[in-house]
Amino acid sequence: MRVEIWSDIACPWCYVGKARFEKALAAFPHRDGVEVVHRSFELDPGRAKDDVQPVLTMLTAKYGMSQEQAQAGEDNLGAQAAAEGLAYRTRDRDHGSTFDLHRLLHLAKERGRHEALLDAFYRGNFADERSVFNDDERLVELAVGAGLDAEEVRAVLADPAAYADEVRADEREAAQLGATGVPFFVLDRAYGVSGAQPAEVFTQALTQAWGERTPLKLIDDGGAEACGPDGCAVPGH
C-alpha cells in the first residue's frame with residue numbers, strides 16, 4: 001500500500017501531522033507493507049526568495065489578526081508540537097519561500113535521503129534559531145547533515161531550473177486530487193485524509209485502506225508462454 005503525503009516546510013501542521021501519522025504507522029500491523037512517499041506543496045508559491053519576514057508579521061497581514069492573537073496561535077502550536085515530542089520555537093521564527101527546499105528534497109529523493117532531509121528541514125524551520133530562508137549555506141549545512149554532497153547541493157541551488165518541474169508536477173497533482181491545503185494524505189489513491197489528524201484517525205484510515213485492497217484478478221491464468229523463476233517457456237513446434 002502506498003501513502004502519499006503532500007506537505008510544506010513552512011506548514012506547522014505538516015510538522016505535527018507527520019509525527020502523528022508516524023505514530024500510527026509505527027503501531028500498524030502491516031507497517032512493512034506500506035510505502036510512504038512525500039510530495040511537494042507550497043503554501044506561498046508566489047513569494048520571492050528574498051522576501052523573508054517574521055511569522056507574526058505574516059500572520060497578522062494574511063489573516064487580519066492582532067499580534068496578540070497571532071502569538072497565542074503560535075503558543076498553541078508549540079503545545080501541540082510538544083505533545084508529539086517535537087521542539088517548536090514560538091518566538092522569532094521567519095517565514096519565506098520554500099521552493100528551494102522542495103527542489104532539494106527532490107534531489108534527496110533521488111539519493112535515497114529524502115526522509116532525512118525532510119526531518120532536517122522541519123527541525124531547522126521550527127526548532128533551530130537560524131532561519132532556513134534565503135540562506136543557501138544554511139540549506140547546504142542541513143543537507144550535508146542529512147547525507148547529501150555539499151557541491152551537488154550548491155549546484156542545485158545555483159540553478160533555479162533544477163528539479164523545478166518535479167516540484168510543479170507534485171503541486172499540479174495535488175490540485176487534481178482536490179487538495180487545497182496541507183498536510184494532505186492519500187492512501188492507495190482511494191482515501192484522502194486532510195489535516196494533522198489525531199493518530200487514531202490515521203490508524204483507522206490505514207486499517208480501512210489495507211482491508212479494502214483488491215487482490216489482483218487474473219483474466220487468464222495459464223496457457224500462454226511466459227518467463228518465470230525457472231526460465232522461459234519454449235514455444236511448441
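Taking hydrophobic clusters as Ile, Leu, Val, Met, Phe, Trp and Tyr residues chained together by side-chain heavy-atom distances below 4.5 Å, Y122 shares a cluster with V153. With hydrophobic clusters built from ILVMFWY side chains whose heavy atoms lie under 4.5 angstrom apart, F126 does not share a cluster with V182. Following chains of ILVMFWY side-chain contacts shorter than 4.5 Å, one can reach Y15 starting from V132, so the two form part of one hydrophobic cluster. In this structure, L118 is a member of the same hydrophobic cluster as W13, with clusters built from ILVMFWY side-chain heavy atoms closer than 4.5 Å. Hydrophobic clustering, with ILVMFWY side chains joined whenever heavy atoms are under 4.5 angstrom apart, groups F133 together with L157.
The two residues R20 and A196 make their nearest non-hydrogen contact at NH1-O, 2.6 Å. Pairing each heavy atom of S131 with each of R138, the nearest pair is O-CG, 3.2 Å. Summarising the geometry of M1 relative to A209, their closest heavy-atom pair is SD-CB, 3.6 Å, with the distance given to 0.1 Å. Closest approach of F202 and A24 over heavy atoms only: CB-CB, 3.7 Å.
For D136 and R154, the salt-bridge test fails: no basic side-chain N is under 4.0 Å from an acidic carboxylate O. Using a 4.0 Å cut-off between a side-chain N of Lys or Arg and a carboxylate O of Asp or Glu, R123 and D128 do not qualify as a salt bridge. A salt bridge links R130 to E141: at least one charged side-chain nitrogen sits closer than 4.0 Å to a carboxylate oxygen. Using a 4.0 Å cut-off between a side-chain N of Lys or Arg and a carboxylate O of Asp or Glu, E4 and R189 qualify as a salt bridge. Salt bridge status for R47 with D44: present, with a side-chain N to carboxylate O gap under 4.0 Å.
Aromatic ring centres of F184 and F41: separated by at least 6.0 Å.
You'll find the side chain of L148 reaches within 4.5 Å of the side chain of L117, heavy atoms only. At least one side-chain heavy atom of K18 sits less than 4.5 Å from a side-chain heavy atom of E115. Taking the side chain as every heavy atom from C-beta outward, F185 and W6 never approach each other to under 4.5 Å. A 4.5 Å side-chain heavy-atom check between V36 and F21 finds at least one atom pair inside the cut-off. Using a 4.5 Å heavy-atom cutoff, the side chains of E74 and L56 are in contact. A heavy-atom distance below 4.5 Å is found between the side chains of V37 and K109. Inter-residue side-chain proximity for L59 and V55 is flagged as met; some heavy-atom pair is nearer than 4.5 Å. Inter-residue side-chain proximity for V167 and E171 is flagged as met; some heavy-atom pair is nearer than 4.5 Å.
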Exercise. side-chain hydrogen bond (donor to acceptor under 3.5 Å, both in side chains) between Y163 and E110: does it pass, once the steps are laid out?
Worked result: CA-CA 11 Å; Y163 299 100; E110 287 190 355; 2.8 Å; yes
For this session: May I have the step-by-step check of side-chain hydrogen bond (donor to acceptor under 3.5 Å, both in side chains) for H102 and E42, ending in yes or no?
Result: CA-CA 8 Å; H102 284 294; E42 294 171 275; over 6 Å; no
Problem set entry | Verdict with reasoning, H106 to S40, per side-chain hydrogen bond (donor to acceptor under 3.5 Å, both in side chains) | CA-CA 9 Å; H106 278 278; S40 298; 3.2 Å; yes
Problem set entry | Working for salt bridge (Lys or Arg N to Asp or Glu O under 4.0 Å), residues R89 and E129 | CA-CA 8 Å; R89 288 196 308 121; E129 291 188 12; over 6 Å; no
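Separating the OG1 atom in T90 from the CG atom in D75 is a distance of 5.0 Å, to the nearest 0.5 Å. Distance check, rounded to the nearest 0.5 Å: CZ of R2 to CD of E35 gives 4.0 Å. The OG atom of S66 sits 10.5 Å away from the CD atom of Q71 when rounded to the nearest 0.5 Å. To the nearest 0.5 angstrom, L104 atom CG is 11.5 Å from T98 atom OG1. Note that the CG atom of L142 and the CD atom of E137 stand 11.0 Å from one another [nearest 0.5 Å]. The CG atom of D165 sits 11.5 Å away from atom CG of D170, with the distance rounded to the nearest 0.5 Å.
Geometrically, R168 engages F99 in a cation-pi contact, judged by NZ or CZ lying under 6.0 Å from the ring centre and within 45° of the ring axis.
For the side chain to side chain contact (heavy atoms under 4.5 Å, CB included) with V3, the qualifying choice from L206, L25, V193, V186 is L206, the only one to do so.
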